[in-house]
Participant: 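Attaching a single structure in structure tokens format; questions to follow.
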Amino acid sequence: MAKIIGSPIPNMPWEEKLASCKEVLWRYSGNPVIGMNTNPKIARVFNSAVMPYGDEYVGIFRADHKDISMRIHFGKSKDAINWTLDDEDIKWVDESGAPFQPDYCYDPRLCKIEDTYYMMWCTSMGGFPTIGLGSTKDFKTFTRHENAFLPFNRNGVLFPRKINGKYMMLSRPSDNGHTPFGDIFLSESPDLTYWGKHRIVMRKNAPWEGLKIGPGPVPIETDEGWLMIYHGVVLTCNGYVYSFSSALLDLENPSKVLYRSKYYLLTPEAQYETTGFVPNVCFPCATLVDAPTGRIAIYYGAADTYTGIAFGNINEIIAYTKENNQLGDIDADLGRG
Ligand code: BMA
């Protein structure tokens with residue numbers, strides 16, 4: 001049994017796996033937990049990040065508006081299933097308190113490091129996509145930092161603690177459009193402002209991720225390595241199909257992949273995943289983990305339209321990842337290129 005580093009979340013959403021289910025992950029029977037048109041301006045809520053906060057839960061939600069613009073809204077929940085989103089999107093300020101609003105923002109991740117909550121999302125920088133960084137201490141004032149990276153980059157994901165005294169971030173360099181390529185990279189920073197020592201973590205490998213891969217939720221620390229849930233995309237005759245799976249990264253040198261699964265863990269099968277604004281998308285951006293039991297709830301966007309939850313157990317995911325391990329040619333090395 002792996003030791004999972006984290007806090008108990010005894011009241012997190014949970015359903016036992018049905019005896020008939022032979023998969024590692026199983027979908028919440030109440031999926032999707034967030035449907036369409038939740039608020040006057042909001043059309044669809046998906047690819048979003050949640051975490052416990054005090055005795056409730058908070059989240060930052062990708063909410064595409066009815067003019068198709070991509071926005072991030074703050075939301076709250078008592079049970080992490082029924083969410084209330086603010087009608088207005090988050091109004092960011094810079095470090096001096098002046099308004100600092102990106103033209104668009106999407107696919108947020110949320111990460112607590114020490115006493116601060118950090119957000120990363122895909123932001124507009126002069127109209128081009130790159131990684132946005134924000135922080136808050138109270139989920140009332142949201143500070144947007146200077147751009148962490150040049151365009152083009154997406155899927156910035158922070159590690160939940162410094163490693164060897166440095167902040168660490170996964171990302172997926174991209175292009176200005178729907179990016180028909182993509183691999184996972186690692187960067188480090190002494191201060192969250194200046195980033196360097198860029199390394200490649202892993203490239204696309206198995207057929208289900210044959211077009212591109214990208215980091216998903218904040219990695220989960222275990223004594224067996226960082227458990228990284230990531231998405232992979234295959235190009236079919238009918239367009240992109242987004243699935244997700246798992247890899248274990250070295251604790252001290254997370255650009256080294258210890259194990260990665262040859263198979264996906266979840267792929268679009270349910271109707272809310274196969275049908276929507278963009279069909280056939282399962283896109284994970286957050287997890288809740290109850291460290292003592294290893295229970296995990298993975299929050300994922302479904303078909304760019306809904307938010308779903310998939311349940312699993314960290315130990316079963318690790319065992320599956322090891323049993324079905326298939327490393328790519330550069331995975332085991334440090335990735336300095
Ligand atoms: C990716 C991202 C995601 C989206 C996916 C499928 O490039 O933009 O936000 O879920 O495409 O449309």
Side-chain angles (χ1 to χ4, degrees), residues 31-36 42-50 59-65 67-73 89 102-110 119-125 127-132 149 151-157 170-185 204 208-218 229-245 264-270 272-286 298-310:
N31 272 358
V33 290
I34 308 181
M36 296 184 73
I42 296 177
R44 294 167 283 111
V45 181
F46 56 103
N47 301 7
S48 298
V50 303
I60 52 169
F61 293 88
R62 171 170 176 175
D64 285 13
H65 283 194
D67 60 358
I68 317 269
S69 59
M70 299 178 285
R71 306 284 169 211
I72 297 179
H73 285 236
D89 59 339
D103 287 345
Y104 58 76
C105 35
Y106 60 93
D107 297 355
R109 274 63 165 197
L110 184 54
M119 287 140 267
M120 280 193 157
W121 67 91
C122 178
T123 199
S124 157
M125 179 187 181
F128 302 122
T130 192
I131 291 163
F149 270 79
F152 300 93
N153 207 333
R154 293 177 185 151
N155 295 301
V157 179
L170 299 165
S171 72
R172 206 284 310 280
S174 67
D175 67 8
N176 199 22
H178 298 299
T179 317
F181 61 88
D183 301 305
I184 299 177
F185 290 74
K204 58 201 185 213
W208 67 269
E209 54 179 24
L211 185 76
K212 57 179 172 175
I213 54 175
V218 168
I229 312 276
Y230 69 100
H231 67 259
V233 183
V234 61
L235 175 61
T236 72
C237 307
N238 201 28
Y240 291 179
V241 176
Y242 282 72
S243 310
F244 60 86
S245 196
Y264 57 70
L265 286 173
L266 199 93
T267 198
E269 289 172 10
Y272 51 86
E273 298 162 346
T274 58
T275 308
F277 191 71
V278 181
N280 297 316
V281 181
C282 293
F283 195 96
C285 287
I298 302 172
Y299 285 72
Y300 65 100
D304 286 13
T305 304
Y306 310 102
T307 302
I309 301 175

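Note: hydrogens, waters and symmetry copies are ignored here, and every other heavy atom, side chains too, is used. The residues of the chain are indexed from 1 along the displayed sequence. Every number for a ligand or one of its atoms is a count from 1 in the order of the listing.
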Participant: How far is atom 2 (C) of ligand 1 from the closest protein heavy atom, and which atom is that?
Facilitator: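 Sorting protein heavy atoms by distance from atom 2 (C) of ligand 1 puts D107 OD2, 3.5 Å first.
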
Participant: Taking 4.0 Å as the limit for heavy-atom contacts, which would you say applies to H178 with ligand 1: side chain only, backbone only, both, or neither?
Facilitator: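 Neither part.
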
Participant: For Y106, take its heavy atoms, then give the atoms of ligand 1 lying under 4.0 Å from any of them.
Facilitator: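 By the 4.0 Å cutoff, the relevant atoms are 8 (O).
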
Participant: Provide the closest heavy-atom pair for A303 versus E273 in the form atom of the first, atom of the second, distance.
Facilitator: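 Closest approach of A303 to E273: CB-O, 3.5 Å.
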
Participant: Out of Y242, Y240, F283, whose heavy atom is nearest to atom 1 (C) of ligand 1?
Facilitator: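 That would be Y242.
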
Participant: Kindly confirm or rule out an N or O of R154 lying under 3.5 angstrom from an N or O of ligand 1.
Facilitator: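 The answer is no, given that R154 and ligand 1 share no N or O pair closer than 3.5 Å.
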
Participant: Fit a plane to each ring of W208 and Y230, take the angle between them on a 0 to 90° scale, and name the class: parallel (under 30°), tilted (30 to 60°) or perpendicular (over 60°).
Facilitator: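 Taking Y230 first and then W208, their aromatic rings sit tilted (interplane angle of 30° to 60°).
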
Participant: Would you say the side chain of N31 lies within less than 4.5 Å of the side chain of I309, judging by non-hydrogen atoms?
Facilitator: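 With C-beta onward as the side chain, the pair touches.
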
Participant: Just which atoms of ligand 1 are under 4.0 Å from any heavy atom in D304?
Facilitator: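 Counting from 1, the qualifying ligand atoms are 4 (C), 6 (C), 10 (O), 12 (O).
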
Participant: Can you establish whether the number of heavy atoms outside Y264 located under 6.0 Å from its atom OH is more than 12?
Facilitator: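 Open.
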
Participant: Please evaluate residues T236 and N238 with respect to the criterion side-chain hydrogen bond (donor to acceptor under 3.5 Å, both in side chains), reporting the C-alpha separation (whole Å), side-chain torsions for both, the decisive distance (0.1 Å), and the verdict.
Facilitator: CA-CA 5 Å; T236 72; N238 201 28; 5.7 Å; no

Participant: Measure the shortest side-chain to side-chain distance between L265 and S245 over non-hydrogen atoms and say whether it is less than 4.5 angstrom.
Facilitator: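 A side-chain contact exists here, since the closest heavy-atom pair is under 4.5 Å.
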
Participant: Once you restrict to heavy atoms under 4.0 Å, what part of T179 touches ligand 1? Side chain, backbone, both or neither.
Facilitator: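 It is neither part, as no heavy atom is under 4.0 Å.
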
